[in-house]
Amino acid sequence: MTSQAKKGLRILVCTKRDLAGAMVLNQVLAHLAGDQVMVLLSDKTRPVENAVPELAEIKFLERDLPIDTIFPLIDATGDDTCHHATFDGLARRYGIPIQVVADINGPEGESLVRAFAPDIILSARFSLIFKPNIFEIPPLGTYNVHPGALPRYAGLFAPFRCMLDGAKRIGCTLHQVDRGIDTGPIAGIGWIDIDPARSLLWHVTQTYRPGLELFFQVLDGLREGRQPVLTQQDRSQRAYGSLPGADSFKDFAAKGLRIYDPADYLEELRSFVPEALHARIDHLAHTAAKGVGASCCCGHA
């Protein structure tokens, strides 16, 4: 085993400041004991997310409600014993710095990354695009966990597009970052089965899990001096998707698929919540369900 493996690695983890990002970070940090870790969070909102009602409601459920209301209630209890921890709870649990960055490639972002001097960068649900001044810094490379099987499901909302296409499963791709968007060589693709009884938001949080497991395997190999086997993408099979519009959401609902389900949502929230807050969080979640039910397709259960 190399000296890097004995002393641990310096790992920069980049994810999004939302519910799915918190679940990603819980899975990742539990695997990195003995490493020096810094976490950067993106807080990016695209204008269309406030213009299309369904996207605005997804943003509310993924970001606004948990980040602005539920996570602060949990943090105020000081109880870090739950299965999943909030971002502040994770910082306390693992003793690591976690901060929001607006521009990863700008002078402030680059200075932050260079000062930490990571051996490797992991990006999962980060939303910000890495430029060469950042992704070329770590000697072991920069890897992205993309919630879609590349090259077919490049771009945004890949799990939604996969479900809309009638696929039986969703792929999650681990690839190296290069100068393109979702174009780098592939280290592997993990899969989850699509469960028609579950919502899109549930599938989104679950899709990252097999891709992160692939990263852990690559990381274990790198610790022992083994480079991963990478496969170049077949660009002729590439299909890049943007955020869906109203017509796509109508098609999704017409197939009996749901964007949001109260039971799914509460199940994920409760993994963060101390027992003393269960009743209060249940009430908040059910109140939210009444407000978003129509256009989030909850009526198509």
Side-chain angles (χ1 to χ4, degrees), residues 15-30 41 43 45 49 52-90 93 124-125 147 157 159-160 162-163 170 172 192-210 212 249 252-253 255-301:
T15 190
K16 195 167 190 173
R17 187 172 171 261
D18 68 359
L19 181 62
M23 296 183 78
V24 163
L25 202 54
N26 273 271
Q27 183 182 353
V28 170
L29 295 180
L41 305 176
D43 211 7
T45 298
E49 291 181 85
V52 176
E54 292 86 355
L55 292 176
E57 289 170 342
I58 290 171
K59 174 179 172 291
F60 171 75
L61 293 165
E62 288 184 332
R63 276 177 269 171
D64 300 345
L65 182 59
I67 298 301
D68 297 338
T69 301
I70 294 176
F71 282 10
L73 286 173
I74 296 168
D75 292 332
T77 69
D79 186 341
D80 294 333
T81 62
C82 296
H83 177 62
H84 287 141
T86 66
F87 293 110
D88 286 352
L90 287 168
R93 180 179 290 181
R125 196 176 172 79
F157 255 59
F160 174 90
C162 195
M163 294 173 73
I170 301 172
C172 187
I192 67 163
D193 291 333
I194 291 177
D195 183 350
R198 295 282 197 168
S199 66
L200 169 68
L201 294 187
W202 181 87
H203 284 91
V204 168
T205 58
Q206 298 304 309
T207 295
Y208 288 97
R209 300 188 68 83
L212 292 172
F249 283 113
F252 196 83
K255 292 190 174 187
L257 299 170
R258 294 167 298 155
I259 294 172
Y260 159 74
D261 178 81
D264 285 351
Y265 190 61
L266 190 56
E267 177 185 314
E268 295 189 334
L269 285 179
R270 275 195 162 192
S271 68
F272 291 87
V273 178
E275 188 173 350
L277 285 180
H278 275 189
R280 189 171 183 184
I281 299 305
D282 288 1
H283 174 72
L284 285 171
H286 285 301
T287 300
K290 294 177 183 178
V292 302
S295 56
C296 271
C297 313
C298 296
H300 296 274

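Count residues from 1 along the sequence.
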Quiz prompt | Heavy-atom donor-acceptor pair, T207 side chain to C172 backbone, under 3.5 Å | solution =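 No, the answer is negative, given that no donor and acceptor are paired below the 3.5 Å cut-off.
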Exercise. For the pair D264 (side chain) and S199 (backbone), establish whether a donor and an acceptor sit closer than 3.5 Å, ignoring hydrogens and angles.
Key: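 Checked: pair present.
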Quiz item: Does the side-chain contact (heavy atoms from CB on, under 4.5 Å) test come out yes or no for L257 and L200, once each step is laid out?
Solution: CA-CA 8 Å; L257 299 170; L200 169 68; over 6 Å; no
So which heavy atom on [X] is nearest to which on [Y], and how close?
{"X": "T77", "Y": "P274", "value": "OG1-CG, 3.9 Å"}
{"X": "D80", "Y": "G89", "value": "OD1-CA, 3.8 Å"}
{"X": "P196", "Y": "I194", "value": "CD-O, 3.5 Å"}
{"X": "E268", "Y": "W202", "value": "OE2-CD1, 3.7 Å"}

Any [X] side-chain heavy atom under 4.5 Å of [Y] side chain:
{"X": "Y208", "Y": "P147", "answer": "yes"}
{"X": "P210", "Y": "I192", "answer": "yes"}
{"X": "L19", "Y": "F71", "answer": "yes"}
{"X": "F252", "Y": "I259", "answer": "yes"}
{"X": "H203", "Y": "D195", "answer": "yes"}
{"X": "M163", "Y": "R258", "answer": "no"}
{"X": "C82", "Y": "V273", "answer": "no"}

Would you call [X]-[Y] a salt bridge at under 4.0 Å N-O?
{"X": "R125", "Y": "D18", "result": "yes"}
{"X": "R198", "Y": "D261", "result": "no"}
{"X": "D43", "Y": "R63", "result": "no"}

Practice problem: Determine whether the side chains of D79 and T81 contain a donor N or O and an acceptor N or O closer than 3.5 Å. | Solution: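 Judged by distance alone, the side chains do pair up.
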Quiz item: What do you reckon, is CZ of R209 surrounded by more than 12 foreign heavy atoms closer than 6.0 Å?
Solution: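 No, because the 6.0 Å sphere around CZ of R209 holds 12 heavy atoms or fewer from other groups.
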Interatomic distance, [X] atom [atom1] to [Y] atom [atom2] [nearest 0.5 angstrom]:
{"X": "T86", "Y": "L73", "atom1": "OG1", "atom2": "CG", "value": "11.0 Å"}
{"X": "L65", "Y": "E57", "atom1": "CG", "atom2": "CD", "value": "12.5 Å"}
{"X": "I281", "Y": "I70", "atom1": "CD1", "atom2": "CD1", "value": "4.5 Å"}
{"X": "H84", "Y": "R93", "atom1": "NE2", "atom2": "CZ", "value": "9.0 Å"}
{"X": "T205", "Y": "E62", "atom1": "OG1", "atom2": "CD", "value": "9.0 Å"}
{"X": "I74", "Y": "L269", "atom1": "CD1", "atom2": "CG", "value": "7.5 Å"}

Quiz prompt | Test log, rule side-chain contact (heavy atoms from CB on, under 4.5 Å), inputs F249 and L55 | solution = CA-CA 9 Å; F249 283 113; L55 292 176; 3.7 Å; yes
Practice problem: Kindly indicate, with the supporting measurements, whether the criterion side-chain contact (heavy atoms from CB on, under 4.5 Å) is fulfilled by I58 and F157. | Solution: CA-CA 12 Å; I58 290 171; F157 255 59; 3.9 Å; yes
Practice problem: Could you walk me through whether F272 and M23 pass side-chain contact (heavy atoms from CB on, under 4.5 Å), step by step? | Solution: CA-CA 9 Å; F272 291 87; M23 296 183 78; 3.8 Å; yes
Practice problem: Using the six-membered ring wherever Trp is involved, compare the ring planes of Y260 and Y265 and label them parallel, tilted or perpendicular (cut-offs 30° and 60°). | Solution: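 Plane angle over 60°, so perpendicular.
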